[in-house]
Protein chains: 2
Amino acid sequence: MSFIKPRSTETTRDRLLTAAEMAILHKGYAATSIEELIAEVGITKGGFFYHFKDKSALVEAILERHLGAEEAWLDGLFARAATESDDPLAEFLAFLRILREQMEALPDVHPGCLIAATCFQERLFTQVVHDLARQNLLAWRQRFHARLTEIAEANPPRQQVDLEALADMLVVLVDGAIILSKTVREKEALPRQIGLYETFVRGLFSEGE
Amino acid sequence: MSFIKPRSTETTRDRLLTAAEMAILHKGYAATSIEELIAEVGITKGGFFYHFKDKSALVEAILERHLGAEEAWLDGLFARAATESDDPLAEFLAFLRILREQMEALPDVHPGCLIAATCFQERLFTQVVHDLARQNLLAWRQRFHARLTEIAEANPPRQQVDLEALADMLVVLVDGAIILSKTVREKEALPRQIGLYETFVRGLFSEGE
DNA sequence: CGGTCTACTGTACCGACGGTACAGTGACCC
DNA sequence: GGGTCACTGTACCGTCGGTACAGTAGACCG
């Protein structure tokens, strides 16, 4: 570590991960070079390969860190929603509203989804990367499916629906809306799609309009 | 053209486009090398750069060809739906059913969406590529928005919705479901999400039930 | 005080790949 | 027979991912 430790709390490895995550989300994986990252962090190539055996291992580490943070963030949103009501449906709708508001509050179009970015470049990543992405989506499915099952027991749905597909629908809408908002450059696309999902859920499970 | 024209109808350029489209959808853009493509088609590097000034120009050409074919395919689906009914809602629902059935009939998971693949690698492509993708999504929006407006006039929606967002929702679901199905390796994900969209639209605009 | 471990530096090098330059050539077209 | 089209063939360049490995400054440890 040259001569002075810059910040003892934030390791070089962490700074690499942060720089790489930002660069990959904004420019794409292929357009993010190792040389550029080490220049930003201030280390040499040898230092990079001391921490990560190759570029794909870097993505593995980013995904692992990111998925943990995402889980905690979702927990936080659900906890906030739980303070608003005890009814499962009202609580879930509150969660969706809070999620939508957070997406509305973003200054720019959402920078993108790491999972979506990896899924379109199959051969560039190790199996570990794809497995992490898979586990993440299955965790979302499970989380929302549990909530929806609880809701459907108390409020029989107006139309017959596959609750697992309905659980998937939220993450599908989020990923799809990120593509839409990035492509047409409309940051409102993401909160609007979440709003439609709220409408769908409310329409399905609410009794009196 | 070496000595014998292999197939006078299909030009070398077309064969390059086809080979590249397949390779990019299945392996990703960065993992598809020019050398591999020319080996498959049986030309030299000079021949490649005679047709395309760089790799990004290849993607432009693929997108242009693909988007034209997609438009024609959608027209075909709508035409088939139109034979089933004269009512706008019933016709739109028939279109969605046909679309879902086509996606169900695919042998494997959908190979992917070129637009989604380009949007996560901003710096790798020219502005032309991004503009083509943008125009395509806006065309889908316009097409479906017109149908939905017509439907909403005849069938006042049960809940208040943004019809433009509802139009976007279909393409958002398709792109998102492709990500989901590729990542968790479940080919049913795409038709299931289209099925949910059918449920949503039917629930919004149908009187009875 | 000496030894070991961690976290690098520095240098040199390799192969793959995108891309350039340009001269030549066979087939067809007016 | 002259020109254009659609290439071939060869040589070369810069960038980038990745390898190899020797050296070293500082921390921690007995």
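Within every chain, numbering begins at 1; the chains are lettered A, B, ... in the order of the sequence lines, protein sequences first and strands thereafter.
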Handout entry: Phosphate contact (D:dC7 OP1 or OP2) by B:Tyr50 side-chain N/O below 4.0 Å
Key = no
Exercise for the section: Indicate whether OP1 or OP2 belonging to D:dA6 is found under 4.0 Å from a side-chain N or O atom of B:Thr11. Expected result: no
What pairs of donor and acceptor atoms, side-chain ones from residues 16-23 of chain B against any protein atom, are under 3.5 angstrom apart with sequence neighbours left out?
from, atom 1, to, atom 2, distance (Å)
B:Thr18, OG1, B:Asp14, O, 2.9
B:Thr18, OG1, B:Arg65, NH1, 3.3
B:Thr18, OG1, B:Arg65, NH2, 3.3
B:Glu21, OE1, B:Arg65, NH2, 3.3
B:Glu21, OE2, B:His66, ND1, 3.3

Problem - Sugar-phosphate only, base, or nothing, as touched by B:Thr32 at under 4.0 Å among non-hydrogen atoms - result: sugar-phosphate
Handout entry: Between P of C:dC8 and CZ of A:Arg15, the distance in whole Å
Key = 8 Å
Practice task
Starting at atom CZ of A:Arg13, determine the distance to atom P of C:dA7, rounded to an integer number of angstrom.
Solution key: 10 Å
Exercise for the section: Please confirm whether A:Phe205 and A:Phe92 have ring centers closer than 6.0 angstrom. Expected result: no
Problem - Note, A:Phe200 side chain near B:Tyr197 side chain (heavy atom, < 4.5 Å) - result: no
Handout entry: Rounded distance in Å - CG (B:Leu37) to C1' (C:dG18)
Key = 12 Å
Completion exercise
B:Phe48 atom CZ is separated from C:dG18 atom P, nearest whole Å, by 8 Å
Fill in the blank from the handout: Nearest heavy-atom contact between A:Leu163 and A:Thr149 is CD1-CA, 3.9 Å
Problem - Salt-bridge present (B:Glu164, B:Arg141; N to O < 4.0 Å) - result: yes
Handout entry: Stacked cation flag B:Lys55 on B:Tyr29, 6.0 angstrom / 45 deg
Key = yes
Pull out every protein N or O sitting under 3.5 Å from an N or O of nucleotides 23-25 of chain C, one pair per line with the distance.
none

Quick test: give all pairs of protein nitrogen or oxygen and nucleotides 10-13 of chain C nitrogen or oxygen below 3.5 Å, distance rounded to 0.1 Å.
none

Exercise for the section: Respond yes when some side-chain nitrogen or oxygen of B:Thr12 is under 4.0 Å from OP1 or OP2 of D:dC7, and no when none is. Expected result: yes
Exercise for the section: Could you tell me whether the phosphate oxygens of C:dA7, OP1 or OP2, come under 4.0 Å of any side-chain nitrogen or oxygen in A:His51? Expected result: no
Problem - Any residue of residues 116-129 of chain B with a heavy atom less than 4.0 Å from an atom of DNA chain C - result: none
Exercise for the section: Would you kindly compare A:Lys53 and A:Glu35 by the position of their nearest DNA chain D nucleotide and give the one closer to the 5′ end? Expected result: A:Glu35
Fill in the blank from the handout: Nearest heavy-atom approach of A:Thr118 to A:Ala133 is OG1-CB, 4.4 Å
Practice task
Using atom CD1 of A:Ile38 as one end and atom P of C:dA7 as the other, report the distance to the nearest whole Å.
Solution key: 18 Å
Practice task
Give the ring-plane orientation class for A:Phe78 versus A:Phe144, where under 30° counts as parallel, over 60° as perpendicular and anything between as tilted.
Solution key: tilted
Exercise for the section: Taking the side chain as every heavy atom from C-beta outward, state whether A:Gln159 and B:Arg202 have any pair of such atoms under 4.5 Å apart. Expected result: yes
Completion exercise
Closest of C:dC8, C:dG18, D:dT8 to the B:Lys55 side chain is C:dG18
Exercise for the section: Sorted by first residue and then second, give each salt bridge (charged side-chain N to carboxylate O under 4.0 Å, His left out) pair with at least one member in residues 122-138 of chain A; sequence neighbours left out. Expected result: A:Glu122-B:Lys182
Problem - A:Asp54 CG - D:dA20 P separation (whole Å) - result: 13 Å
Exercise for the section: Could you tell me whether the side chain of B:Glu153 and the main chain of B:Glu150 form a donor-acceptor pair under 3.5 Å? Expected result: no
Exercise for the section: Among C:dG19, D:dG17, C:dC8, find the nucleotide with the atom closest to the side chain of A:Ser33. Expected result: D:dG17
Problem - Under the salt bridge (charged side-chain N to carboxylate O under 4.0 Å, His left out) test, residues paired with A:Asp54 that sit two or more places apart - result: none
Fill in the blank from the handout: Rounded to whole Å, the CZ-C1' distance (A:Phe49 to C:dT6) equals 19 Å
Problem - Euclidean distance, atom CD1 of residue A:Ile43 to atom P of D:dT24 [Å, nearest integer] - result: 20 Å
